[in-house]
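To keep things clear, I will list the structure first and then write my remarks on it.
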2 protein chains.
Amino acid sequence: MSDPRFTIGEMCEAFSVTPRTLRFYEAKELLYPERIGQKRLFTKSDRARLKLILQGKRFGFSLEEIRQLLNLYSIDDQQTTQLSRTYTLAQERLAAMESQRDELTNAIEDLKEQLRWGEKILAERGVKAVA
Amino acid sequence: MSDPRFTIGEMCEAFSVTPRTLRFYEAKELLYPERIGQKRLFTKSDRARLKLILQGKRFGFSLEEIRQLLNLYSIDDQQTTQLSRTYTLAQERLAAMESQRDELTNAIEDLKEQLRWGEKILAERGVKAVA
DNA sequence: CGATTTATTTACGTTAACGTCAACTTCCCC
DNA sequence: GGGGAAGTTGACGTTAACGTAAATAAATCG
């Protein structure tokens, strides 16, 4: 009934990454797989963290930034002080993300306008815009 | 009444970039300043392009991606075919940006939940959450 | 038991986006 | 006309995030 462990190959298969990537993340202290002899065994926790890492990357965060974000999830039960510090850290991150989203929203609007303009030009020339 | 030209120094001042950066962008064919002898003279058009470049970078686009985006703005008046091709390219880009924004929106929601959860924990322990 | 398969460490290679000299020209000022 | 100040072209250095190759070990399969 104990938690399952995964080999590096299984992890790579499941998340579409290379072994090099997982070893690299471990070296950068983003993952902490167990060891049996030399070989790595990834836990459920490692899977959860890896999922967050890959998500973070899609948002354009650096691995170092992600490492700090991950620390938000590993809460030190003993030190409440630590907790409220990470809390403010999370709020800062949130603000950054929101402003980034707003910028994106604006850029999207601009692009849409450009597209409408382009459509008009194409229409004038009697060319159908590719839907 | 002719358009004003700007030295590399003026450009750096105006956009908070280094000369190296502007020369690099020229080498990568993102900018096309004129030349008077050896020296570069940046036009109004270069300023517009540079503004878009810096904006693009904030969205996490690579310089190569930005270069392609910039070509959307420099429309070849002779070849309409070219235009409708770039039009679809712009639509793809738009779709990518929208889905990226949506992902961000979700992540923001997740983070907010985490924060609400953290607040409760802090409250239970009698610690004020840092506003 | 020998051959794969799977994994490990070590270490050099790679791309992107500049930073950072070094070694000149050119222009302007007193 | 002798300096700064501003600008130019190399060319090597740097960081991030892995890729890739070499040499080696452990486990598995017929």
Side-chain angles (χ1 to χ4, degrees), chain A residues 4-43 46-47 49-71 93 96 100 103, chain B residues 4-47 49-71 93 96 100 103:
Chain A
R5 302 298 138 104
F6 309 88
T7 71
I8 199 169
E10 292 167 341
M11 293 291 281
C12 293
E13 175 69 19
F15 292 92
S16 304
V17 296
T18 70
R20 179 68 176 99
T21 298
L22 295 181
R23 296 191 192 107
F24 184 74
Y25 289 170
E26 182 183 1
K28 290 287 175 170
E29 306 190 53
L30 291 161
L31 297 177
Y32 307 98
E34 294 173 2
R35 293 291 180 124
I36 180 165
Q38 283 286 69
K39 302 195 173 170
R40 280 161 250 259
L41 285 183
F42 296 81
T43 71
D46 289 315
R47 292 176 73 94
R49 293 173 72 88
L50 181 52
K51 192 176 170 185
L52 289 170
I53 292 169
L54 299 177
Q55 197 170 96
K57 292 207 62 185
R58 287 206 305 281
F59 298 153
F61 292 116
S62 72
L63 289 184
E64 175 53 23
E65 289 173 320
I66 292 171
R67 197 181 62 77
Q68 292 177 35
L69 272 174
L70 283 178
N71 291 335
R93 180 66 57 186
Q100 193 185 339
E103 265 194 279
Chain B
R5 302 297 139 104
F6 309 88
T7 71
I8 199 170
E10 292 166 342
M11 292 291 281
C12 292
E13 175 69 18
F15 292 93
S16 304
V17 295
T18 70
R20 180 68 177 98
T21 298
L22 295 181
R23 295 189 194 109
F24 184 74
Y25 289 170
E26 182 183 0
K28 290 287 174 169
E29 306 190 53
L30 291 162
L31 297 177
Y32 307 99
E34 295 173 1
R35 293 292 181 123
I36 180 165
Q38 284 286 70
K39 302 195 172 169
R40 279 162 250 259
L41 284 184
F42 295 82
T43 70
K44 191 106 182 144
S45 161
D46 289 316
R47 292 177 72 96
R49 293 173 72 87
L50 181 52
K51 192 176 170 184
L52 289 170
I53 293 169
L54 299 178
Q55 197 169 97
K57 292 207 61 186
R58 287 205 307 281
F59 298 151
F61 292 117
S62 72
L63 289 184
E64 175 54 21
E65 288 173 320
I66 292 171
R67 197 181 62 78
Q68 292 177 34
L69 272 174
L70 283 177
N71 291 336
R93 180 66 56 185
Q100 193 184 340
E103 266 193 279

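In the text below, chain A, chain B and the rest are named by the order of the sequence lines, each starting its count at 1.
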Q.
My understanding is that only residues two or more places apart in sequence, or in another chain, count here; which of them pass side-chain contact (heavy atoms from CB on, under 4.5 Å) with R23(B)?
A.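 With neighbours one apart ignored, the set is I8(B), P19(B), R40(B).
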Starting at atom [atom1] of [X], determine the distance to atom [atom2] of [N], rounded to an integer number of angstrom.
X: L22(A); N: dT8(C); atom1: CG; atom2: C1'; answer: 14 Å
X: F42(B); N: dA6(D); atom1: CZ; atom2: C1'; answer: 13 Å
X: E65(B); N: dA17(C); atom1: CD; atom2: C1'; answer: 14 Å
X: I66(B); N: dC18(C); atom1: CD1; atom2: P; answer: 9 Å
X: R23(A); N: dA16(D); atom1: CZ; atom2: C1'; answer: 19 Å
X: L54(A); N: dC18(D); atom1: CG; atom2: C1'; answer: 13 Å
X: F6(A); N: dA7(C); atom1: CZ; atom2: P; answer: 14 Å
X: L41(B); N: dA6(D); atom1: CG; atom2: P; answer: 16 Å

Where the side chain of [X] is concerned, which of [options] is the nearest nucleotide?
X: T18(B); options: dG19(C), dA17(D), dT9(C); result: dG19(C)
X: I8(B); options: dG7(D), dC18(D), dT8(C); result: dG7(D)
X: T21(A); options: dT20(C), dA7(C), dC18(D); result: dC18(D)
X: S62(A); options: dA17(D), dT9(C), dA17(C); result: dA17(D)
X: L63(B); options: dC18(D), dG7(D), dC18(C); result: dC18(C)

Using 0.5 Å steps for rounding, measure from the [atom1] atom of [X] to the [atom2] atom of [Y].
X: M11(B); Y: R5(B); atom1: CE; atom2: CZ; result: 12.0 Å
X: K28(B); Y: T21(B); atom1: NZ; atom2: OG1; result: 13.0 Å
X: L54(A); Y: I66(A); atom1: CG; atom2: CD1; result: 8.0 Å
X: D46(B); Y: Y25(B); atom1: CG; atom2: OH; result: 13.5 Å

N/O (side chain, [X]) to phosphate O (OP1/OP2, [N]) under 4.0 Å:
X: R40(A); N: dA7(C); answer: no
X: T7(A); N: dT6(C); answer: no
X: R20(B); N: dA17(C); answer: no

Q) Reading DNA chain C 5' to 3', what string of ( ), [ ], | and . shows its pairs, if Watson-Crick and G-U wobble pairs count only when both distances fall under 3.5 Å? A) ||||||||||||||..||||||||||||||
Q: Count the heavy atoms belonging to other residues, nucleotides or ligands that lie under 6.0 Å from CD of E64(A), then report whether that count exceeds 12.
A: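 It does: E64(A) CD has more than 12 such atoms within range.
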Could you pull out the closest heavy-atom pair between [X] and [Y], with the gap in Å?
X: C12(A); Y: L22(A); value: SG-CD1, 3.8 Å
X: L63(A); Y: I53(A); value: CD2-CG2, 4.3 Å
X: L30(B); Y: R49(B); value: O-NE, 3.0 Å
X: F6(A); Y: R47(A); value: CE1-CD, 3.2 Å

Q: Using the closest heavy atom to pick a nucleotide of DNA chain D for each, name whichever of E64(A) or Q38(B) lands nearer the 5' end.
A: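 Nearest-nucleotide comparison on DNA chain D picks Q38(B).
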Q: Mind running a 4.0 Å heavy-atom check of residues 24-36 of chain B against DNA chain C and sending the residues that fall below it, in number order?
A: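 Residues of residues 24-36 of chain B that come under 4.0 Å of DNA chain C are, in numerical order, F24(B), Y25(B).
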Q.
If you assign G9(A) and K39(B) each to the DNA chain C nucleotide with the nearest heavy atom, which residue ends up on the more 5' nucleotide?
A.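 Per heavy-atom nearest nucleotide, the more 5' residue is G9(A).
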